[in-house]
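Some notes on the structure that comes next.
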Amino acid sequence: MGGVVIADGSQTGRGVAAAVLRTGARWARAQHIPGLYLRVSRTHNAARALYARAGFTHAYSYHHRLRGPAGER
């Protein structure tokens, strides 16, 4: 199961993301889900700091490959 959370930038610093994270973690524990993972942009420092405070650690990096204009590889 996965999901996507997109935050409204005008709400930054109000504790909304931390509350959503805590609620999701509680739900996962109640469902006996053994762990959680997040994907966050390397440049999204506020989110990375929030996740670090919540105990998440860096596990791996990823990047997306995009195909060029039609016919190019």
Side-chain angles (χ1 to χ4, degrees):
M1 178 177 173
V4 175
V5 175
I6 299 174
D8 179 347
S10 69
Q11 300 301 310
T12 299
R14 300 183 77 187
V16 174
V20 169
L21 190 59
R22 281 192 306 273
T23 300
R26 272 197 234 73
W27 177 87
R29 275 192 301 277
Q31 303 303 311
H32 306 287
I33 295 173
L36 301 172
Y37 76 93
L38 301 162
R39 285 191 343 182
V40 61
S41 169
R42 170 182 10 200
T43 61
H44 198 319
N45 295 326
R48 292 169 61 89
L50 167 68
Y51 302 145
R53 287 192 304 273
F56 287 87
T57 59
H58 182 265
Y60 62 91
S61 297
Y62 66 96
H63 68 275
H64 297 278
R65 293 177 191 247
L66 301 175
R67 187 178 291 250
E72 289 185 20
R73 288 188 173 222

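- Here the closest heavy-atom approach between residue Ala17 and residue Leu50 is recorded as CB-CD2, 3.6 Å.
- When atom types are taken as modelled, the side chain of His58 and the backbone of Tyr60 share a donor-acceptor pair closer than 3.5 angstrom.
- In plain terms, the two heavy atoms of Arg48 and Arg42 that are nearest each other are CD-O, 3.5 Å.
- If you chain together hydrophobic residues whose side chains sit under 4.5 Å apart, Leu36 and Val40 fall into the same group.
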ask   = Yes or no on side chain to side chain contact (heavy atoms under 4.5 Å, CB included) for Phe56 and Leu21, after CA distance, side-chain angles and deciding distance?
value = CA-CA 11 Å; Phe56 287 87; Leu21 190 59; 4.1 Å; yes
